[in-house]
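Here the structure comes first, spelled out in structure tokens, and everything after it is commentary.
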Protein chains: 2
Amino acid sequence: MNGAQSLIRTLVDSGVEVCFANPGTSEMHFVAALDTVPRMRGVLALAEGVVTGAADGYGRMADKPAATLLHLGPGMVNGMANLHNARRAHTPIVNVIGDHALTHKGFDAPLESDIDALTGWTHGWSRTSTDTASVGKDAAEAVAAAREGRVANLVLPADVSWGEGGEPAAEVVPPARATVAADRIAEIAGVLGESTVVLLGAGATRERGLRAASRIAAATGARLFAETFPARIERGAGLPAVDRLGYLAEQVQWQLTGVTHLVLVGAKAPVSFFAYPGKASELTPEGCAVHTLAEVGEDTADALDRLADAVAEGVEPVLQAESRPALPSGDLTPQNWAEVVGALLPEGAIISDEANTSGLMIPMATAGAPRHDVLTLTGGAIGQGLPVAVGAAVACPDRPVVCLQSDGSAMYTISALWTMARENLNVTTILLNNRAYAILRVELTRVGAEGAGPKANSLLDLSTPDMDFVAIATGMGVPATRARTAEELAEQFERALAEPGPHLIEAMVPSLI
Amino acid sequence: MNGAQSLIRTLVDSGVEVCFANPGTSEMHFVAALDTVPRMRGVLALAEGVVTGAADGYGRMADKPAATLLHLGPGMVNGMANLHNARRAHTPIVNVIGDHALTHKGFDAPLESDIDALTGWTHGWSRTSTDTASVGKDAAEAVAAAREGRVANLVLPADVSWGEGGEPAAEVVPPARATVAADRIAEIAGVLGESTVVLLGAGATRERGLRAASRIAAATGARLFAETFPARIERGAGLPAVDRLGYLAEQVQWQLTGVTHLVLVGAKAPVSFFAYPGKASELTPEGCAVHTLAEVGEDTADALDRLADAVAEGVEPVLQAESRPALPSGDLTPQNWAEVVGALLPEGAIISDEANTSGLMIPMATAGAPRHDVLTLTGGAIGQGLPVAVGAAVACPDRPVVCLQSDGSAMYTISALWTMARENLNVTTILLNNRAYAILRVELTRVGAEGAGPKANSLLDLSTPDMDFVAIATGMGVPATRARTAEELAEQFERALAEPGPHLIEAMVPSLI
């Protein structure tokens, strides 16, 4: 058995069953070894940003890692923006990064680069396998590290991969998440009240955490928010409804007005996404005390349960009633397209949300839709929406995936559409074509940049030439239609949801600004 | 004057007149400042791999740097694969990497990352501007560093950019390239003969170096090769014809059979692109002495001139006669499409060559075409061809650019087509659609990977679904046609060359393997 075979065998024995891949020559033995391990599924993507973003979406929905296969430093680097998002989402991912043979490293061949600098950038677990016999052990430890909620990077030199003497290793079970100490629960119990906000982050935005948090709020008057960009939030009819903190600093300051105690549950105290001249970076109100119920990596849902038992015995969570907007009519607007989604969103949908400015009304319009999950842009590195939709659909083949995707962001990883077609993934993409980097038009004003004229505005404009996403999607094998009115969008969205496989609807939604 | 204004003023005063950009919020003051400096042209790209690849193409053709504008670490990282290629090409580039305000760095906002790890990976010149008054000076030094043939990274925190008190700085002239010592010339003069190969790299594959090298060869019997992937090679009728070393190790070993002296001129001794089980990494024949006439960074053309004067007084270079293949007919093949290009290539064309396996016959078919430049995939990080064509066309608006682009590689940076349309660049792209990662089919065999079956082969296959590049290009605003026969390709190529602006021809060329 060669190193690659022992590696893949170990991965599947550790529960890793999908490998999103964009391989090159140095990974050919790994590729060949896939045929020797039937339980490992290989999913090809045409760019590494799709590979890593898909692994992120998979990990968020499957609660276990996928593997990626990346081609040396230059392949790794192409996938790192979505690894940045995955890091912010605490998603488990095992990257297998092919490298030159150890015997070849010293020759500075054209693709040689400093892979350690790249793996370090991910702030994850990293190791280079240096002999074939230990590849299996390295892989098992990589999976265990990933399962603690991070990116694990396993660098696989080609000769270690092709060498004979590979030994599959048994699964390494990571330690259970630490539970928080009783005195922390007691401390927090003492500060809950009407001027307290409980901010829900990693793991706390899933059903169990939300139900406990809702009981706490109902019993004490504390208000709940989810962090601005949760990795995964469960919501809709039958679940507690929790608003997210806003993207703009001004929104957050408004949301936290009068708050004297902020309780963090797997979240960080809010800071402005960007800095603005003369404006604060920290958004916690002055004089507000900040308390941590549970850190990222601790068992946030358990902490909320225990806190609820302490302060809300016998109190039930407040659950969202089913309530959908009426189907709107007329030309598409930034508001009515969201109402179409809210009116038609199917039970159990997974929303990959990179709608950006076009999606401002989506949370409100879908609040009372049937139960669904939302995956958001955790790290701000755009080009995440389509790949995350790929991964979510691979993880959950029985659930409809709805990708809400803005035009500018779509173009970073547009080839994700091809993988959707290849794997016949049940993803309906609503491509919001507002013909602009609209967020930057907002930001150009907000940062107070003076002197901006035609050249500046031209760099925020996507209408010269207009992109035709129906043609682009069709060219990658995804059936596509265009909607200019709410009626057209509703009709096309219903049809896409009713048919298996991927669809794209280009929604011609005007820019907010 | 704010920091951004002083930066752009300094760049243009230092000869940097184009900025390829994909900006975000932290770069809005830079974007606004573009309107205050008329001499700086901003060129928008929809993904950072296009930004950096375009800067690479520009630098190779303009012999001076373009600037890029990148959005924090995640924007930088998206552009780094083509910076890797630029590093291998010794291309001058000035990256301006926007960063969070210095006052905001400590808060670990979502887009925060370790930019220093990324700039370090480029092996270039790197600096963070830490106060507004010195941004101009930093920029002038960045340009000077870039002009020595490398990537210069200037990290620009947002508050340094928006702060008042910017001071434009005067151009910093980099030192002239070092000339090689006379005794080195004399040493090399002593080893030239029929079993000597002179290997031409950085700077030596341009007209002056080629003419001198040809005189040397004619006078001494030494043979000439260019390195496998030259940054820029001038060739065609009226110039000395020099073959490149092959991509496959076996080719190089055959080319160097019997060679006892290898003379390097801005090139490295050849090594295999990848390692293969049981095969050598170093390709210099055993017992062959390796001599360096000039290192990268030294004046290679001057060294060749002086060597020619020493050994070839009165000897003229051997120039390629004009000679084109006849226009072929019939279904497209890996050979006849190259003959179409050779038959019709216009005078002064710039070829951006990422045809990979489909392009094996291109060097032969175009050897006697009118004089042209070829830009190749220097670092092996695919996704370079289209962006480099963008940059070459911006640098040389009066010359036709011909991009020979394979399908798999195209998909990494496909949005370059949109920038071609936006800027109305005179680029004719021949998109070789062989529906496969054909090079990997070759490599899967060569590495001796055992056990490869349907799953492995599926990861090398691009036909499920077939991509329709006519639709994709049209969707990005580039007029496109499809050619299935040599006659169709010839007709469409002639028409595309005759019309200004970008065109794409999807050539349905079967895979070699």
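Since the structure is predicted, the reported quantities are computational estimates derived from the model, not experimental observations. So that the names make sense, note that chain A is the first sequence line, chain B the second, and so on, each numbered from 1.
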Examine whether an atom of [X] lies under 4.5 Å from a heavy atom of chain A, and if so say whether it belongs to the side chain, the backbone or both; otherwise answer neither.
X	result
B/His100	side chain
B/Leu69	neither
B/Pro157	neither
B/Ala117	both
B/Trp162	side chain
B/Asn78	both
B/Ala45	backbone
B/Asn82	neither
B/Pro454	both
B/Leu72	side chain

Output the distance between atom [atom1] ([X]) and atom [atom2] ([Y]), rounded to the nearest 0.5 Å.
X	Y	atom1	atom2	answer
B/Ile414	A/Ile414	CD1	CD1	10.5 Å
A/Leu459	B/Leu44	CG	CG	5.5 Å
B/Glu112	A/His84	CD	NE2	8.5 Å
B/Met80	A/Met76	CE	CE	10.0 Å

- Query: So, A/Arg422 versus B/Ser458: side-chain donor-acceptor pair below 3.5 Å or not?
  - Reply: yes

- Going by distance alone, is a donor N or O of one side chain under 3.5 Å from an acceptor N or O of the other, for B/Asn22 and A/Tyr437?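 Present: a donor and an acceptor within the cut-off.
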
Using a cut-off of under 4.5 Å for heavy-atom pairs, which of [options] has the most such pairs with chain B?
options	answer
A/Ile382, A/Ile439, A/Thr25	A/Thr25
A/Asn85, A/Leu444, A/Leu111, A/Val31	A/Leu111
A/Ala473, A/Gly379, A/Ser415	A/Gly379
A/Arg41, A/Glu282, A/Gln5	A/Glu282
A/Ala471, A/Ser26, A/Pro277	A/Pro277
A/Ala456, A/Ala452, A/Pro465	A/Pro465

Can you tell me which portion of [X] sits under 4.5 Å from chain B's heavy atoms? Options are side chain, backbone, both or neither.
X	value
A/Ala158	neither
A/Glu27	neither
A/Asp116	neither

- Message: Could you report the tightest heavy-atom contact between B/Gly73 and A/Trp121, atom names first, then the distance?
- Response: C-CZ2, 4.1 Å

- Taking every non-hydrogen atom, the tightest pair across B/Ser281 and A/Thr103: OG-O, 4.2 Å

- Is there any salt bridge (Lys or Arg N to Asp or Glu O under 4.0 Å) pair reaching into residues 464-477 of chain A, and which pairs are they, with sequence neighbours excluded?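 Of all non-adjacent pairs touching residues 464-477 of chain A, those that pass salt bridge (Lys or Arg N to Asp or Glu O under 4.0 Å) are A/Arg435-A/Asp466, A/Asp468-A/Arg482.
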
So which of [options] has the largest heavy-atom pair count under 4.5 angstrom toward chain A?
options	answer
B/Ser272, B/Ser161, B/Gly79, B/Gly383	B/Ser272
B/Lys455, B/Arg446, B/Glu48	B/Lys455
B/Asp461, B/Val43, B/Thr474	B/Asp461
B/Ala47, B/Ala381, B/Gly453	B/Gly453
B/Gly477, B/Ser113, B/Gly120	B/Ser113
B/Trp418, B/Phe229, B/Phe107	B/Trp418

- Query: Is the centre of the B/Phe274 ring less than 6.0 Å from the centre of the A/His104 ring?
  - Reply: no

- Item | Stepwise side-chain contact (heavy atoms from CB on, under 4.5 Å) test for A/Asp108 and B/Arg88 | CA-CA 10 Å; A/Asp108 196 34; B/Arg88 295 293 186 191; 2.9 Å; yes

- Criterion side-chain contact (heavy atoms from CB on, under 4.5 Å) on B/Met467 and A/Leu46, from CA distance to verdict: CA-CA 11 Å; B/Met467 275 178 282; A/Leu46 301 184; 3.7 Å; yes

- Just do the side-chain contact (heavy atoms from CB on, under 4.5 Å) check on B/Met411 and A/Val50 with the steps written out, would you? CA-CA 11 Å; B/Met411 292 305 293; A/Val50 181; over 6 Å; no

